[in-house]
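Side chains included, hydrogens not; waters and symmetry mates left out as well; all remaining heavy atoms used.
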Amino acid sequence: MWEHHPASELVEEFSEIIASGKARFFLKYEDGAPVGFAQCQLRYDYVEGTKTSPVGYLEGIFVKEEYRRKGYAKELLAPSEAWAMDFTETNRIICFTKKL
């Protein structure tokens with residue numbers, strides 16, 4: 001997913017996030033190979049659509065393209081919700097770019 005980042009940089013960043021105790025990563029394996037993950041954490045900064053702090057925030061779910069449409073994202077969402085309570089959609093962001 002982060003093919004343009006050195007593995008050592010990612011290990012350092014994710015180690016810090018996990019060590020904080022305010023985040024969880026959930027992994028999905030198929031035949032012993034990692035095929036997807038979900039990251040959720042407690043956010044103390046303002047999160048759109050909320051009035052309290054902290055809030056459980058689903059940072060993202062990723063499943064390798066060849067493993068999609070098998071229900072793996074839904075499987076990854078379940079333990080995320082159990083850790084941080086149920087998630088409710090509060091906003092959708094659509095971004096546009098124009099090549100100049």
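- Taken to the nearest 0.5 Å, the CG atom of L58 stands 9.0 Å off from the CD atom of Q39.
- The shortest distance between side-chain heavy atoms of L42 and W83 falls below 4.5 Å.
- With rounding to the nearest 0.5 angstrom, the CZ atom of F25 is 12.5 Å from the CG atom of L76.
- R24 places no side-chain N or O within donor-acceptor distance of the main-chain N or O of Q41, the cut-off being under 3.5 Å.
- Partners of E59 under the salt bridge (charged side-chain N to carboxylate O under 4.0 Å, His left out) rule, at least two apart in sequence or in another chain, are R43.
- Looking at residues two or more places apart in sequence or on another chain, you find a side chain to side chain contact (heavy atoms under 4.5 Å, CB included) between E66 and K64.
- Nearest heavy-atom pair across F26 and S80 is CD1-OG, 3.4 Å.
- Applying the salt bridge (charged side-chain N to carboxylate O under 4.0 Å, His left out) criterion to R69, with sequence neighbours excluded, gives no partner residue.
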N/O donor to acceptor pairs below 3.5 angstrom from side-chain atoms of residues 5-18, sequence neighbours left out:
residue, atom, partner, partner atom, Å
H5, ND1, E9, OE2, 3.0
S15, OG, V11, O, 2.6

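- The backbone N or O of E48 sits less than 3.5 Å from a side-chain atom of T90, completing a donor-acceptor pair.
- Residues forming a side chain to side chain contact (heavy atoms under 4.5 Å, CB included) with T50 (at least two apart in sequence, or on another chain): V47, V55.
- Not counting sequence neighbours, the partners of E75 by the salt bridge (charged side-chain N to carboxylate O under 4.0 Å, His left out) test are K28.
- There is no path of hydrophobic side-chain contacts, each under 4.5 Å, that joins Y57 to L77.
- Shortest non-hydrogen contact noted between Y29 and P34 is CD2-N, 3.4 Å.
- Closest non-hydrogen pair, V63 versus Y72, comes out as CG2-CB, 4.2 Å.
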